[in-house]
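Here is the structure we will look at.
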Protein chains: 2
Amino acid sequence: MASSIHDLARHLNISIGTVSRALNGRADVNADTRQRVLEAARTLNYSPNQSGRSLRQGATHSIAFMLQPHPGDQQYGEPFFIPFLIGLQARLAESGLDLIVVMGAPGDYQQERLRRVVETRRADAVLLAWTRREDERIDYLTQTGFPFATLGRSRSGAKSYPSLDLDFEKAGADAVDRLVARGHRRIAAVRPSLDLNFGYLFLAGYRKALRRHGIEIDPELIASGFINEAGGYEVTPQVMRSKAPPTAIIFNNDAMALGGCKALAEMGIRPGHDMAVTVIVDTPLCRYFSPALTAFRPALEPMGQRLAEMLLASIPAFAGPEGPRILREVWPLELVARDSD
Amino acid sequence: MASSIHDLARHLNISIGTVSRALNGRADVNADTRQRVLEAARTLNYSPNQSGRSLRQGATHSIAFMLQPHPGDQQYGEPFFIPFLIGLQARLAESGLDLIVVMGAPGDYQQERLRRVVETRRADAVLLAWTRREDERIDYLTQTGFPFATLGRSRSGAKSYPSLDLDFEKAGADAVDRLVARGHRRIAAVRPSLDLNFGYLFLAGYRKALRRHGIEIDPELIASGFINEAGGYEVTPQVMRSKAPPTAIIFNNDAMALGGCKALAEMGIRPGHDMAVTVIVDTPLCRYFSPALTAFRPALEPMGQRLAEMLLASIPAFAGPEGPRILREVWPLELVARDSD
DNA sequence: CGTTTTTCCGTAAACGTTTACGAGAACACA
DNA sequence: TGTGTTCTCGTAAACGTTTACGGAAAAACG
């Protein structure tokens with residue numbers, strides 16, 4: 001059914017070696033024969049068998065994005081990832097690489113699936129997201145020497161892998177600055193439980209800014225829950241029950257903000273009127289919520305492209321002769337002022 | 001670095017054939033040698049090279065889910081898909097298959113990427129979603145004989161492929177019935193443009209139910225736009241400007257509902273008070289929106305599992321000796337009554 | 001015209017598996 | 001003891017590529 005390189009060779013009465021060289025654009029093949037080979041490839045509808053070339057070359061020409069679920073999260077936080085993946089895939093396609101997204105069941109941390117990808121050599125490199133403070137996936141990969149990069153920083157590993165992250169610390173501080181400038185002094189922070197690194201970074205910025213403004217940090221105004229709607233819904237009442245309730249809340253995430261706003265609504269508190277609300281990572285939800293939520297916007301698609309480049313440079317088989325590998329980059333989040341604060 | 005079957009053979013002083021047979025659980029191998037092989041595999045940290053076995057067996061042991069973007073949609077409708085994919089992946093894993101998600105750039109209809117997957121034999125079968133009324137992808141696949149299944153129906157193809165769909169027609173009718181029972185007579189419908197099949201089905205049910213209630217269908221109350229927040233936001237004012245504005249709106253999708261509710265809010269119309277709002281496909285957004293949106297809920301995870309089974313049965317290499325292949329199934333959507341109508 | 005270089009192509013090995021085939025050894029049976 | 005059966009394993013081919021190597025023909029050069 002599917003035509004192989006042998007079919008082409010037989011059809012043209014030349015050897016398979018020549019066919020392969022012609023298709024791969026090698027120099028030592030006559031311009032005329034190459035023409036004929038390419039033409040035959042088109043008419044016979046030939047395209048190379050991936051397993052064959054992977055086996056021979058020891059490279060799969062694909063990279064794996066590990067889509068990691070969190071306990072209590074049925075959505076994988078993907079409204080965030082999709083635009084990122086679009087950029088990633090576009091850049092990879094330029095270099096002839098495929099992007100495969102590897103999913104796991106919620107609750108397992110993919111150590112198993114990651115092992116599987118690495119050991120069966122299903123991809124030439126993997127891309128990790130939602131890095132944790134201490135991330136065993138990173139330890140595993142550095143230890144095995146398998147090429148990888150991360151979306152997000154971590155304290156794990158030899159710090160010698162490419163990573164791209166957003167400046168959550170500055171965003172957290174900027175959010176506080178803005179709220180303080182608008183007269184708020186009691187500002188709450190709702191962040192993910194677990195040791196997701198961006199939660200730490202956000203909180204660090206939040207703390208630093210408060211301290212800079214001479215505002216004492218009230219632990220009662222800091223809450224953490226599942227990084228989804230349910231988490232925000234569950235946890236927001238906690239900060240509202242504090243002895244001196246906040247006049248502003250910063251949510252780490254759009255889903256948590258949605259849940260939090262629901263909890264507020266049930267208490268008769270209207271975001272944008274009775275309570276200032278800020279979200280760190282902007283999504284379409286923030287824009288179309290009523291009131292529209294002030295948020296910090298990442299440049300997701302360019303980030304995807306950039307991380308693709310960084311990843312490519314770290315794969316021996318694809319790294320060009322260019323200079324040194326790019327390592328850590330931290331990109332800014334841009335404030336989008338809307339109606340909720 | 002990575003150990004191959006040859007390493008095992010050398011280490012145990014037996015032939016690679018025996019090693020392979022032992023690992024694959026064939027009968028013609030001594031129980032003792034099998035034990036030794038499995039042990040050596042563990043200590044030498046062996047796992048089979050995928051490219052090797054794919055090449056030999058002519059099967060990749062993976063199936064491809066084509067994540068198809070729509071023009072104007074940066075989010076791919078994924079809050080819908082993720083739970084589905086979780087179920088799908090779980091069932092596939094049981095049979096030793098990997099799920100790979102193939103993405104494309106928004107705006108292209110993946111005919112190209114689909115070709116690529118099929119022709120390079122990167123997967124043993126593909127899974128299509130967001131089927132269109134006339135779907136060239138289905139035509140292509142039936143024509144080439146490549147195994148596939150679809151999430152959603154279509155008029156294309158020989159109708160001899162497995163498909164699983166939701167009963168959007170009944171949901172549309174049920175939504176109308178419920179609203180009529182609550183006293184509404186002027187009911188609007190906001191659905192996707194393009195010829196996405198579920199948009200047609202929904203509208204068919206809507207029409208049928210209105211007719212059954214003796215309510216004349218007003219074309220001014222039917223609008224279509226991009227299947228995302230922007231689409232709902234843009235299109236909802238249209239139906240509101242009709243000569244006799246609606247007292248209820250049914251949205252085909254959570255994102256469109258979000259955009260639509262924003263448009264309503266800007267007109268000073270409060271969902272649940274001044275306007276009944278119903279959504280066909282339930283998501284966490286519907287639940288945590290204020291007011292919580294009445295919606296029709298699909299059993300996404302079981303659907304994923306079921307479609308995995310249907311797909312498996314259609315792959316010659318994996319189809320068990322069971323009876324006839326399962327073809328079309330239509331699953332119900334369950335009403336979740338909340339506060340918006 | 002003889003020698004060297006270049007151009008082009010065929011041969012064959014290799015990547016890591018699986019599996020059809022056959023053969024030796026052990027055993028059962030008459 | 002001879003014959004047939006069963007158990008176990010080794011041999012080698014095959015899957016579809018890529019590529020190192022060498023060689024024939026053509027071109028260049030003296």
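Naming convention: chains lettered A, B, ... in sequence-line order (proteins, then strands); numbering from 1 in each chain.
- In terms of position on DNA chain D, the residue among B:Val19 and B:Leu55 whose nearest nucleotide sits closer to the 5' end is B:Val19.
- A side-chain donor-acceptor contact under 3.5 Å links A:Thr144 to the backbone of A:Leu141.
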What N/O pairs connect the protein and nucleotides 17-21 of chain D at under 3.5 Å? Give each pair on its own line.
{"residue": "D:dT17", "atom": "OP1", "partner": "A:Tyr46", "partner atom": "OH", "Å": "3.1"}
{"residue": "D:dT17", "atom": "OP1", "partner": "A:Asn49", "partner atom": "N", "Å": "3.2"}
{"residue": "D:dT17", "atom": "OP2", "partner": "A:Ile5", "partner atom": "N", "Å": "2.8"}
{"residue": "D:dT17", "atom": "O5'", "partner": "A:Tyr46", "partner atom": "OH", "Å": "3.2"}
{"residue": "D:dT18", "atom": "OP1", "partner": "A:Asn24", "partner atom": "ND2", "Å": "3.3"}
{"residue": "D:dT18", "atom": "OP1", "partner": "A:Arg53", "partner atom": "NE", "Å": "3.4"}
{"residue": "D:dT18", "atom": "OP1", "partner": "A:Arg53", "partner atom": "NH2", "Å": "3.2"}
{"residue": "D:dT18", "atom": "OP2", "partner": "A:Ser20", "partner atom": "OG", "Å": "2.7"}
{"residue": "D:dT18", "atom": "O2", "partner": "A:Arg56", "partner atom": "NH1", "Å": "2.1"}
{"residue": "D:dT19", "atom": "OP2", "partner": "A:Arg26", "partner atom": "NH1", "Å": "3.1"}
{"residue": "D:dT19", "atom": "O4'", "partner": "A:Arg56", "partner atom": "NH2", "Å": "3.3"}
{"residue": "D:dA20", "atom": "N6", "partner": "A:Arg21", "partner atom": "NH1", "Å": "3.4"}

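- Using a 4.0 Å heavy-atom criterion, one finds that B:Ser54 contacts no nucleic acid atom at all.
- Under 4.0 angstrom from either OP1 or OP2 of D:dC9 there lies at least one side-chain N or O belonging to B:Thr33.
- With sequence neighbours excluded, the residues satisfying side-chain contact (heavy atoms from CB on, under 4.5 Å) with B:Ser62 are A:Arg122, B:Thr60, B:Asp98, B:Ile100, B:Ala123.
- Looking at heavy atoms from C-beta onward, B:Glu119 lies out of side-chain contact with A:Tyr46 at the 4.5 angstrom threshold.
- If you take CD of B:Gln50 and P of C:dC15, they are 19 Å apart, rounded to a whole angstrom.
- Of the possible polar contacts, one joining the B:Asn197 side chain to the B:Arg153 backbone as a donor-acceptor pair under 3.5 Å is found.
- Under the side chain to side chain donor-acceptor pair (under 3.5 Å) criterion, no residue pair touches residues 30-39 of chain B, with sequence neighbours excluded.
- In this structure, A:Asn30 atom CG and D:dA25 atom P are separated by 16 Å, rounded to whole Å.
- Classified by interplanar angle (parallel below 30°, tilted 30° to 60°, perpendicular above 60°), the ring pair B:Phe84/B:Phe65 is tilted.
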